[in-house]
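Below is one structure, written out as structure tokens; the observations come after it.
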Amino acid sequence: MAIRDRPTLPRTSVSDHHRPRPPTRAKTPPMNPSDLYARLRETVLAALTHIIPDLPADIAARVEVTPTRDPAHGDMATNAAMVSAKAARQPPAKIAAALVQRLNAGAEIATAEAAGPGFVNLRLRPDAFRALLPIILTQGEAYGDATTGAGIKINVEYVSANPTGPMHIGHCRGAVVGDALANLLSKAGYAVTKEYYINDAGAQVTALAWAAYWRYLQATGTKMTEEAFASEVPGGLQYKGEYLVEVGNALAARFQASLATPDLGIASPELWLDTVKGFTIDAMMTEIREDLRRLGVEQDIYSSERKLVATGAADKIIDQLRADGLIYEGVLEPPKGKTPEDWEPRPQTLFRSTQFGDDVDRPLRKSDGSNTYFANDIAYHADKISRGYDVLIDILGADHGGYVPRMKAAVKALSAGKTEFGAVLCQIVHIMKGGQPVRMSKRAGTYVTLRDLLDEVGKDAVRFTMLTRNSDAQMEFDLDKVLATTRENPVFYVQYAHARCRSVLRAAAEMFPGKALDETNLAAIPTDSLNGDPELTLIRRLALWPRTVEAAAQAREPHRIAFFLYDLAADFHMLWNRGKDDTTLRFLQSDQPAETLARLALVAATAVVIRSGLVVMGVAPVEEMR
RNA sequence: GCGCCCUUAGCUCAGUUGGAUAGAGCAACAGCCUUCUAAGCUGUGGGCCGGUGGUUCGAAUCCACCAGGGCGCGCCA
């Protein structure tokens, strides 16, 4: 459902009707017990507070246990001695030495040693890592779920395209990034709502309606030429793409000639504009939602700008802001250095966004008295705030970057600073084919629609590839490479790793007839025999999954999941490849049932983690490659 | 002119929010494999992290300035 009938709007002047909400960033986030690193951090912290009983909380919060980059440094390292040196008035080396002494007695720690400027390097007993396998197999895809979100309500708004035509590549990145980010936040413990804002008010959709009306007249057999028609259209005839022909036909079928003059000319807009507009928008939204469905995106809420305007919500918000003294009639300075040629001082209805960190105050009304896009968007965000979200995230194209500070200001004003606003900007995607860029032109009709792209390379390749870059960086999307079945294509490489895991487990079923090799049973298998470096490397990677989820969610960077999965797949393929030269290193060894079962537990756990990562990305974990 | 984002190996990009000797893929070079798990595998070389200062135990990461690229800059959304 779209906009609710009567949004209850928060009063900025009233602060106490907001329920207390948990802080967005808890000072001491609840420890995730299945995160090995988080657990060891607790161990280190306990030792540290024993050495420094009056350790300040803010220092304790800076203590971290991280994976080492160099295996010579052990498995994990902590900065505890360095960050607490100042507060303890002791040199880092002395604290490190004391930590080493206490930690060496630990159950999971094989050795602890001081190194470098004050690091304490920890080498864990292999058992500590292997103990993760039953945890992973028991928890299944829930392994890696974080609690940092603590149920904080987040609204992620994405796509939000003008419903003026089919979706194209430009919309696609935001759709994928938004959807994956929402999934990621949800895995990190946030209460997430996925939302689409339909920009179905304003000049663009009016132009769309005229274009659809032209197709309608054509369908009824008008004698007008396109030139004659276009000369009557305010602002000229836009949206000349073929995709509106069908809409015109549907309009003609539904309304016959009743929307035109008797001689099939242009009737007065009062007679048809709203009807045609609504009809066309509905048709476009049907198409867009179908495109999104094929892309694997299904949002929880679709909000309509038009309905928002119709309910007068925008006017109410402006009145309310005016009552709070945040609206005034004024004249803006021309932009410094580059004054538009037609610049003239003009009084406008302005929002005091500068009071909330913006550079200039922003206009809310156009000269014809209608609302600016910003004004309606303020009302829309007020609506979202009234629905009780703690955090609002908008996924925007990079060309909207300049828009962020004013929206941030508006949210601050509307929520009395209680609701956090954040934007994720998506840079442009350049489509490449045969080594050449594919030029996009809406008018020439040569743009690549999302549907074409999905037909050509498939949902999984589109989604994964869109997530192989930081969304803030420009991206080349090479149509030839995303279908390559080689290591340089991460989609293939990761899916292949999962398929190989499943393949091993299928083959194992023949080796152990009558034994159910499901995750529950494998969780009970002793894994002491997993001693080799490649095995332990793989398990260490699996141990990184929870903190990867947490860090990616906190940074709001879903692409990190893609990179993690690529590394995980590499570790697995390496293990698999050992069996190529030496068949005694393959997973399945009929003369070693116990060792084989242990390896199967590792393989099954790997499959679980790959699967749960792919689920976040919205990519199918395939059972076999075809 | 101002603001925001970006600059890392020949190319495309990571870099665990300030940690130790900066990583991966491609390309290059050198081997292996000729299909029982090769839609390949192993190894090597490759760097002034755009530049200059600063902050501190410690900087690709934070700050200032500069250079180059992208985006934006009153009634477009």
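Throughout, protein chains are lettered first and strands after them, A, B, ... in sequence-line order, and every chain is numbered starting at 1. Remember, predicted model here, so these are calculated numbers, not experimental data.
A/Arg62 has its CZ atom 13 Å from the C1' atom of B/C62, to the nearest Å. Rounded to a whole Å, the NE2 atom of A/His171 is 15 Å from the P atom of B/A77. Atom CD1 of A/Ile281 is separated from atom C1' of B/A77 by 14 Å (rounded to the nearest Å). Atom P of nucleotide B/U12 and atom OH of A/Tyr493 are separated by 22 Å, given to the nearest angstrom. Rounding to whole angstrom units, CG of residue A/Leu479 and P of B/U12 are separated by 18 Å. Rounded to whole Å, the distance from CG on A/Leu585 to C1' on B/C36 is 14 Å. For the pair A/Leu575 CG and B/U42 P, the interatomic distance rounds to 12 Å; values are reported in whole Å. Between A/Ile59 atom CD1 and B/C57 atom C1' there is a gap of 14 Å when expressed in whole angstrom units.
Residue A/Thr583 is in base contact, counting any heavy-atom pair closer than 4.0 Å across all strands shown. Contact annotation for A/Met625: base contact, defined as any heavy-atom pair under 4.0 Å involving a base atom. Contact annotation for A/Phe563: backbone-only contact, meaning every heavy-atom pair under 4.0 Å involves sugar-phosphate atoms and none involves a base. Using a 4.0 Å heavy-atom cutoff across all strands shown, A/His400 reaches at least one base atom of the nucleic acid. Within the 4.0 angstrom heavy-atom criterion, base atoms lie near A/Ala77. Counting any heavy atom pair closer than 4.0 Å across all strands shown, A/Pro67 reaches a base atom. Residue A/Ala555 is classed as a base contact, given a heavy-atom separation below 4.0 Å to a base. As judged by a 4.0 angstrom heavy-atom cut-off over every strand, A/Tyr403 is placed among the base-contacting residues.
Contact check on A/Arg39 versus A/Asp35 returns no salt bridge, with no Lys/Arg side-chain nitrogen under 4.0 Å from an Asp/Glu carboxylate oxygen. Ion pairing of A/Arg540 with A/Asp533 is absent here, as no side-chain N (NZ or NE/NH1/NH2) approaches a carboxylate O to less than 4.0 Å. A salt bridge links A/Lys384 and A/Asp394; the closest N-O separation between the charged side-chain nitrogens and carboxylate oxygens is under 4.0 Å. Using a 4.0 Å cut-off between charged side-chain N and carboxylate O, A/Arg556 and A/Glu420 make a salt bridge. At a threshold of 4.0 Å, the pair A/Glu623-A/Arg506 counts as salt-bridged, since one of the basic side-chain nitrogens sits closer than that to a carboxylate oxygen.
Nearest nucleotide to the A/Asn577 side chain, out of B/G74, B/U17, B/C41: B/C41. You'll find that the side chain of A/Asp472 is closest to B/C6, out of B/C6, B/G40, B/A14. Here the nucleotide nearest the side chain of A/Asn470, chosen from B/U16, B/C76, B/A14, is B/A14. For A/Asp70, counting side-chain heavy atoms from C-beta on, the closest listed nucleotide (B/U21, B/U42, B/C41) is B/U21. Closest to the side chain of A/Arg469, out of B/U12, B/C57, B/C6, is B/U12. Among the nucleotides B/G15, B/G40, B/G3, the one closest to the side chain of A/His559 is B/G15. Nearest to the side chain of A/Arg346, among B/G74, B/G19, B/C13, sits B/G74.
Using atom C1' as the reference point in both B/G58 and B/C66, the two lie 26 Å apart (nearest Å). The separation of B/G50 from B/U16, taken at their P atoms, amounts to 15 Å, rounded to a whole angstrom. Taking atom C1' in both B/G51 and B/A60, the straight-line distance is 14 Å, to the nearest Å. Spacing between B/U61 and B/A27 at atom P, rounded to whole Å, works out to 32 Å.
In secondary-structure terms, RNA chain B builds stems of at least 3 consecutive Watson-Crick or G-U pairs, each pair having both distances under 3.5 Å, at B:1-7 with B:67-73, B:10-13 with B:23-26, B:28-32 with B:40-44, B:50-54 with B:62-66.
At a threshold of 4.5 Å between non-hydrogen side-chain atoms, the residues A/Arg578 and A/Leu575 count as touching. A 4.5 Å side-chain heavy-atom check between A/Phe477 and A/Ile169 finds every atom pair outside the cut-off. Looking at A/Arg362 and A/Arg406, their side chains come closer than 4.5 Å, going by heavy atoms from C-beta outward.
Considering A/Tyr373, A/Phe374, A/Tyr197, A/Tyr196 as possible partners of A/Tyr380, the one that fulfils the ring-ring contact (aromatic ring centres under 6.0 Å, His included) test is A/Tyr197.
Looking only at distances, no side-chain donor or acceptor of A/Asn371 sits under 3.5 Å from a matching main-chain atom of A/Arg365. Between the side chain of A/Arg463 and the main chain of A/Met617, a donor-acceptor pair closer than 3.5 Å is present. A/His171 contributes no side-chain N or O that, together with a main-chain N or O of A/Met167, makes up a donor-acceptor pair within less than 3.5 Å.
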Exercise for review: Check the pair A/Leu332 / A/Arg346 against side-chain contact (heavy atoms from CB on, under 4.5 Å), numbers first and verdict last.
Suggested key: CA-CA 8 Å; A/Leu332 288 176; A/Arg346 188 183 292 129; over 6 Å; no
Practice item. Before giving the answer on side-chain contact (heavy atoms from CB on, under 4.5 Å), spell out for A/Phe492 and A/Val482 the whole-Å C-alpha distance, their side-chain angles and the decisive distance to 0.1 Å. Key: CA-CA 8 Å; A/Phe492 165 78; A/Val482 298; over 6 Å; no
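When each of A/Val83 and A/Ala473 is assigned the nucleotide of RNA chain B with its nearest heavy atom, A/Ala473 is the one assigned upstream, toward the 5' end. Toward the 5′ end of RNA chain B lies the nearest nucleotide of A/Met82, the other residue of the pair A/Met82 and A/Leu588 mapping further downstream.
Taking 90° from 0 as the syn/anti boundary, the base of B/U21 is oriented anti.
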In a table with atom names and distances, give each donor-acceptor pair under 3.5 Å that connects a side chain of residues 559-574 of chain A to protein atoms at least two apart or in another chain.
unit_1   : atom_1 : unit_2   : atom_2 : d
A/Arg560 : NE     : A/Glu557 : OE1    : 3.0
A/Arg560 : NH2    : A/Glu557 : OE1    : 3.1
A/Tyr566 : OH     : A/Arg487 : O      : 3.2
A/Asp571 : OD2    : A/Arg541 : NE     : 2.6
A/Asp571 : OD2    : A/Arg541 : NH2    : 3.2
A/His573 : ND1    : A/Arg500 : NH1    : 3.0
A/His573 : NE2    : A/Tyr493 : O      : 3.1

Tell me which donor-acceptor pairs under 3.5 Å the side chains of residues 65-73 of chain A have, and how far apart each pair is, sequence neighbours excluded?
unit_1  : atom_1 : unit_2  : atom_2 : d
A/Thr68 : OG1    : A/Asp70 : O      : 3.4
A/Thr68 : OG1    : A/Gly74 : O      : 2.6
A/Asp70 : OD1    : A/Ala72 : N      : 2.9

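For the segment residues 112-121 of chain A, the set of residues with a heavy atom within less than 4.0 Å of an atom of RNA chain B comprises A/Ala115, A/Pro117, A/Phe119, A/Asn121, in numerical order.
Residue A/Arg322 qualifies as enclosed at atom CZ: its count of foreign heavy atoms under 6.0 Å is above 12.
In this structure, A/Lys580 does not reach the B/G40 phosphate: none of its side-chain N or O atoms is under 4.0 Å from OP1 or OP2.
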Using nucleotides 68-70 of chain B, report all nitrogen or oxygen pairs with the protein that are shorter than 3.5 Å.
unit_1 : atom_1 : unit_2   : atom_2 : d
B/G70  : O2'    : A/Gln474 : NE2    : 3.3

Any N/O pairs under 3.5 Å between the protein and nucleotides 23-33 of chain B? List them or say none.
none

